[in-house]
Engineer: 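The structure that follows is given in the form of structure tokens.
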Amino acid sequence: MKVDVVLGLQWGDEGKGKIVDVLANSYPVIARFQGGPNAGHSLHFEGKKFVLHTVPSGVFRKNAVNIIGNGVVIDPIIFKEECLEIEATGVPVRERVVISKKAHLILPTHRILDAASEAAKGKSKIGSTLKGIGPTYMDKTGRNGLRVGDVLTADFADRFLTLKNKHLATLAQFDYEFNAEEKESEWMEAIEYLKTFNLVDGEYVANKYLTDNKKILAEGAQGTMLDVDFGSYPFVTSSSTTCAGVCTGLGVAPTKIGKVYGIFKAYCTRVGSGPFPTELNDETGEELRKKGFEFGATTGRPRRTGWLDLPALKYAIMLDGVTELIMMKADVLDTFETIKVATGYKVDGVETDQVPYDTYAEIEPIYKEFKGWNRDLSQITREEELPFEFMNYVRFIEKELNVPISVISLGPDRVQTIFRNEE
Ligand code: GDP
Ligand code: IMO
Ligand code: MG
């Protein structure tokens, strides 16, 4: 069996949580492979709403195993809070979630380092979620990190202290006030909670499922345009958000990758700093934010909004090897008279359909305009009922991207999902 993959193709918040929850019905195993509590994946069903940060979005499906892979970074405090909230609804989290011993731990001082680093950057800050993501991955690649499996060792407290002291030495170089002990006892208590979970050799577990004919759905966090290598560096996250990240973040070979679902919003959003070629700093942008409730699921920050960007999508599709597209939130555009799509860029006056290397380049999008459909799409459940103008928009995008749109999401709830060509 193969690992099918769900990836955000834009700057995150495409609706990955909703789609993983919907697809999880037909997967016995769901897995997160990168990122950490910087993610906020929203799920709506049966009148309830959940925002997941660390736990995979298959947790509400009976009989599904949810793996937190080695590529993920875990803040025990946030993980505990999240699990208690899920448990309170009667879901047996411990039976459904296993954690790779090779996943790295976010320490309280990682979060302080994140904040200190952002404060020092001033105007050129990344706009990080301040969850300690960057410093934790730095310690991972710097070979200093603490891993989940370490919590089972006798000298864990000493190792914690060694890393904390290293952080304190670094923090001394910043002009930043902090209290390193403030969260420490809560963190240690949360470590005890983490220990009650099944801590596993994730790579063996994942591959065993595959040889036992159980398919896995890998759930991406963030989006391709925030990838540490291919995003708008340095305004990126610190993990590999592309399809390649599944292999290193779960321990599965590239030959085991099956379908790659690329998720995109029918427009664009971005939280934090960095280039956003189609950004709208006007009333239309404000309308997109209002109608789409574009406020961060993790930080509550207003998301920046803009028109759909095809050059960026083509780039992501190329990097990820997307086999099927999933279009989200077109219902947000229901009342727009005119809808624009960027089909190319003018970079320093020269036309191109490529994303430029230079993060600071002046990019002027080249737009194609579409007539809006002016109809409420949110209650439509069959493709045949979708208005002509909307299908015109869908077909144009499919043709430009050369990948079929197999699922259309028209609202936050599980049931507001249209599968096309289901046969
Ligand atoms: P994720 O990080 O990719 O899982 O996405 P988020 O949960 O951060 O942001 C997506 C937001 O859009 C959430 O509030 C979802 O409930 C909501 N959402 C998802 N799909 C749709 C849709 O098709 N239409 C509308 N209107 N909202 C949606
Ligand atoms: P989901 O999984 C949107 C952004 C931050 C910032 C940059 C770096 O919900 O789509 P970090 O905390 O990772 O060091 O921040 O990346 N960012 C996200 N934006 N959705 C996310 O996750 C994000 N995770 C990080 O806003 O610009
Ligand atoms: Mg999100």
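Note that these values count all heavy atoms, side chains included, but never hydrogens, waters or copies made by symmetry. The residues of the chain are indexed from 1 along the displayed sequence.
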Engineer: Considering only heavy atoms from C-beta outward, does the side chain of K259 approach that of E324 to under 4.5 Å?
Structural biologist: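 SC-SC contact between K259 and E324 confirmed.
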
Engineer: More than 12 heavy atoms of other residues, nucleotides or ligands under 6.0 Å from NZ of K195: yes or no?
Structural biologist: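 Atom NZ in K195 is packed in, count exceeds 12.
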
Engineer: Do T54 and D75 have side-chain N/O donor and acceptor atoms under 3.5 Å apart?
Structural biologist: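 T54 vs D75: no donor-acceptor pair found between side chains.
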
Engineer: Between R304 (side chain) and G272 (backbone), is there a donor-acceptor pair under 3.5 Å?
Structural biologist: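 The answer is yes, because a donor-acceptor pair under 3.5 Å joins these two groups.
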
Engineer: Do K131 and D114 sit within salt-bridge range, that is, some charged N less than 4.0 Å from a carboxylate O?
Structural biologist: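 Here K131 does not pair with D114 in a salt bridge, since their nearest N and O are not under 4.0 Å apart.
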
Engineer: Which heavy-atom pair separates S42 from V51 by the least distance, and what is that distance?
Structural biologist: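 That would be OG-CG2, 4.2 Å.
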
Engineer: If you look at every heavy atom in V72 and G36, which pair is closest and at what distance?
Structural biologist: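 Scanning both residues completely, I find the closest heavy atoms to be CG1-CA, 4.4 Å.
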
Engineer: Check whether T305 reaches the backbone of G285 with its side chain - one donor and one acceptor, N or O, closer than 3.5 Å.
Structural biologist: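 Yes; judged by distance alone, with no hydrogens or angles, the pair exists.
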
Engineer: Between K18 and D413, is there a salt bridge with N-O shorter than 4.0 Å?
Structural biologist: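 Between K18 and D413 there is no salt bridge, as every charged N stays at least 4.0 Å from the carboxylate O atoms.
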
Engineer: Describe, in one word, how the ring planes of F276 and W11 are oriented to each other, choosing from parallel (under 30°), tilted (30 to 60°) and perpendicular (over 60°).
Structural biologist: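 F276 and W11: tilted rings.
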
Engineer: With the side chain counted from C-beta on, respond yes when F156 and I191 share a heavy-atom pair under 4.5 Å apart, and no when they do not.
Structural biologist: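 Answer yes - side chains close enough.
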
Engineer: Any side-chain to backbone donor/acceptor pair from E369 onto T338? Under 3.5 Å, distance only.
Structural biologist: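 Between the backbone of T338 and the side chain of E369 there is no qualifying donor-acceptor contact (under 3.5 Å).
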
Engineer: Has the side chain of Y315 got a donor or acceptor atom that lies under 3.5 Å from a matching backbone atom of F230?
Structural biologist: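 Side chain of Y315 to backbone of F230, a donor-acceptor pair under 3.5 Å: yes, one is there.
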
Engineer: Do the side chains of R270 and R303 get nearer than 4.5 Å, heavy atoms only?
Structural biologist: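 No, too far: nothing below the 4.5 Å cut-off.
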
Engineer: Answer whether the closest heavy-atom distance between the side chains of I86 and V59 falls below 4.5 Å.
Structural biologist: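 Contact flag for I86/V59 side chains = yes.
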
Engineer: With the threshold set at 4.0 Å, does a side-chain nitrogen-carboxylate oxygen contact exist between R375 and E389?
Structural biologist: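 Answer for the salt bridge query: no.
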
Engineer: Pairing donors with acceptors under 3.5 angstrom, does anything connect the side chains of D309 and Y345?
Structural biologist: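 Result is yes, a qualifying pair exists.
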
Engineer: For the side-chain hydrogen bond (donor to acceptor under 3.5 Å, both in side chains) test, which of N38, D13, T241 pairs with Q222?
Structural biologist: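 Among N38, D13, T241, the one meeting side-chain hydrogen bond (donor to acceptor under 3.5 Å, both in side chains) with Q222 is N38.
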
Engineer: Hey, are K329 and E294 close enough for a salt bridge, meaning a charged N less than 4.0 Å from a carboxylate O?
Structural biologist: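 Here K329 pairs with E294 in a salt bridge, since their nearest N and O are under 4.0 Å apart.
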
Engineer: For T136 and K140, test the side chains for any donor-to-acceptor distance below 3.5 angstrom and give the result as yes or no.
Structural biologist: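 Short answer, no.
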
Engineer: Assess whether a salt bridge exists between E186 and K183, defined as any Lys/Arg side-chain N lying under 4.0 Å from an Asp/Glu carboxylate O.
Structural biologist: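 Answer for the salt bridge query: yes.
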
Engineer: Just wondering, do I30 and R96 contact through their side chains at under 4.5 Å, heavy atoms?
Structural biologist: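 No, too far: nothing below the 4.5 Å cut-off.
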
Engineer: Does a sphere of radius 6.0 Å around CE in M138 hold more than 12 heavy atoms from other residues, nucleotides or ligands, not counting ones at 6.0 Å or beyond?
Structural biologist: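 No - once you tally the heavy atoms of other residues, nucleotides and ligands closer than 6.0 Å, there are 12 at most.
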
Engineer: Under 6.0 Å between the ring centres of W187 and F160?
Structural biologist: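 Yes - the distance between ring centres of W187 and F160 falls below the 6.0 Å cut-off.
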
Engineer: Check whether any side-chain N or O of Y137 sits under 3.5 Å from a backbone N or O of G35 as a donor-acceptor pair, and report yes or no.
Structural biologist: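 The answer is yes, because a donor-acceptor pair under 3.5 Å joins these two groups.
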
Engineer: Report the distance from atom CG of L333 to atom CD1 of I339, rounding to the nearest 0.5 Å.
Structural biologist: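 So the gap between those two atoms works out to 4.5 Å.
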
Engineer: With the side chain counted from C-beta on, respond yes when F50 and E85 share a heavy-atom pair under 4.5 Å apart, and no when they do not.
Structural biologist: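 F50 reaches E85 side chain to side chain.
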
Engineer: Between T278 (side chain only) and W307 (backbone N and O only), is there a donor and an acceptor less than 3.5 Å apart?
Structural biologist: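 The answer is yes, because a donor-acceptor pair under 3.5 Å joins these two groups.
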
Engineer: Can you tell me how far apart CZ (R111) and OG (S128) are? Round to the nearest 0.5 Å.
Structural biologist: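 Reported to 0.5 Å precision, the distance equals 9.5 Å.
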
Engineer: Closer than 4.0 angstrom, basic N to acidic O: yes or no for D139 and K166?
Structural biologist: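 The answer is yes: the pair qualifies as a salt bridge.
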
Engineer: How long is the gap from OG on S406 to CD1 on I418, to the nearest 0.5 Å?
Structural biologist: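 Between S406 OG and I418 CD1, I get 12.5 Å after rounding to 0.5 Å.
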
Engineer: Would you sort out whether K314 and L401 count as a side-chain contact (heavy atoms from CB on, under 4.5 Å), showing the intermediate values?
Structural biologist: CA-CA 6 Å; K314 282 182 189 169; L401 301 177; 3.6 Å; yes

Engineer: With rounding to the nearest 0.5 angstrom, report the CG to CD1 distance, N70 to I68.
Structural biologist: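 Output value for this atom pair is 12.0 Å.
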
Engineer: Evaluate S240 against Q34 for side chain to side chain donor-acceptor pair (under 3.5 Å), listing each step before the verdict.
Structural biologist: CA-CA 7 Å; S240 293; Q34 48 69 234; over 6 Å; no

Engineer: Take T237 and V228, measure what side-chain contact (heavy atoms from CB on, under 4.5 Å) needs, and give me the verdict at the end.
Structural biologist: CA-CA 6 Å; T237 191; V228 66; 5.9 Å; no

Engineer: Between S26 (side chain) and L23 (backbone), is there a donor-acceptor pair under 3.5 Å?
Structural biologist: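 Answer holds: yes.
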
Engineer: If you compare all heavy atoms of P37 against all heavy atoms of T298, which two are closest, and at what distance to 0.1 Å?
Structural biologist: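 Nearest heavy atoms, P37 then T298: O-CG2, 3.5 Å.
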
Engineer: Look at atom CG of D175 and say whether more than 12 heavy atoms of other residues, nucleotides or ligands are closer to it than 6.0 Å.
Structural biologist: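 Open: at most 12 neighbouring heavy atoms sit under 6.0 Å from CG of D175.
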
Engineer: Roughly how far, to the nearest 0.5 Å, is CG of L9 from CD1 of I326?
Structural biologist: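 Going from CD1 on I326 over to CG on L9, the span is 9.5 Å.
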
Engineer: Can any side-chain N or O of R94 pair as donor or acceptor with the backbone N or O of N198 at less than 3.5 Å?
Structural biologist: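 Flag not set: sc R94 to bb N198 has no pair under 3.5 Å.
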
Engineer: Indicate yes or no: does E181 engage K164 in a salt bridge with an N to O separation below 4.0 Å.
Structural biologist: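 Answer for the salt bridge query: yes.
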
Engineer: State, with a plain yes or no, whether a side-chain heavy atom of E400 is found less than 4.5 Å away from one of D353.
Structural biologist: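 A side-chain contact under 4.5 Å is absent here.
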
Engineer: Does E87 CD have over 12 foreign heavy atoms under 6.0 Å away?
Structural biologist: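 More than 12 within 6.0 Å, yes.
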
Engineer: Look at the side chain of E118 and the backbone N and O of G127, then say whether any donor-acceptor pair between them is shorter than 3.5 Å.
Structural biologist: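 Yes, the answer is positive, given that a donor and an acceptor are paired below the 3.5 Å cut-off.
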
Engineer: Kindly check if the number of other-residue, nucleotide or ligand heavy atoms within 6.0 Å of NZ (K48) is above 12?
Structural biologist: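 Result for NZ/K48: enclosed.
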
Engineer: Is any side-chain N of the basic residue among E219 and R32 closer than 4.0 Å to the acidic one's carboxylate O?
Structural biologist: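 Here E219 does not pair with R32 in a salt bridge, since their nearest N and O are not under 4.0 Å apart.
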
Engineer: Testing the basics here: between Q10 and Y267, what is the closest heavy-atom pair and its distance to 0.1 Å?
Structural biologist: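 In this case the closest contact between Q10 and Y267 is NE2-O, 3.1 Å.
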
Engineer: Compare every heavy atom of K16 with every heavy atom of G8, then report the nearest pair and how far apart it is.
Structural biologist: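 Shortest heavy-atom contact: N-CD, 3.6 Å.
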
Engineer: Taking D201 for its side chain and E203 for its backbone only, find out whether a donor-acceptor pair lies under 3.5 Å.
Structural biologist: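 Here the side-chain-to-backbone pair does not exist.
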
Engineer: Can you tell me how far CD1 of I99 sits from CZ of F197, rounded to the nearest 0.5 angstrom?
Structural biologist: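 It comes to 6.0 Å.
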
Engineer: For the residue pair G411 and D331, what are the closest heavy atoms and their distance?
Structural biologist: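 Closest approach of G411 to D331, heavy atoms only: N-OD1, 3.6 Å.
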
Engineer: Determine, for K346 against E362, whether the closest basic-nitrogen to carboxylate-oxygen distance falls under 4.0 angstrom.
Structural biologist: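 No, this pair does not count.
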
Engineer: In sequence, state the C-alpha distance, the side-chain angles, and the governing distance for C83 and Y193, and then conclude on side-chain contact (heavy atoms from CB on, under 4.5 Å).
Structural biologist: CA-CA 10 Å; C83 289; Y193 179 79; 3.1 Å; yes

Engineer: Does a salt bridge link R395 with E398, judged by any charged N lying under 4.0 Å from a carboxylate O?
Structural biologist: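 No.
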
Engineer: Find out whether V98 and N66 are in side-chain contact, i.e. whether some heavy atom of one side chain is under 4.5 Å from a heavy atom of the other.
Structural biologist: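 Counting from C-beta outward, V98 and N66 never come under 4.5 Å.
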
Engineer: Could you give me the CA-CA distance, side-chain angles and deciding distance for V151 and L199, then say whether side-chain contact (heavy atoms from CB on, under 4.5 Å) is met?
Structural biologist: CA-CA 10 Å; V151 304; L199 310 182; 4.0 Å; yes

Engineer: Quick one: are the ring centres of F174 and F178 less than 6.0 Å apart?
Structural biologist: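 For F174 and F178, the ring centres are not under 6.0 Å apart.
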
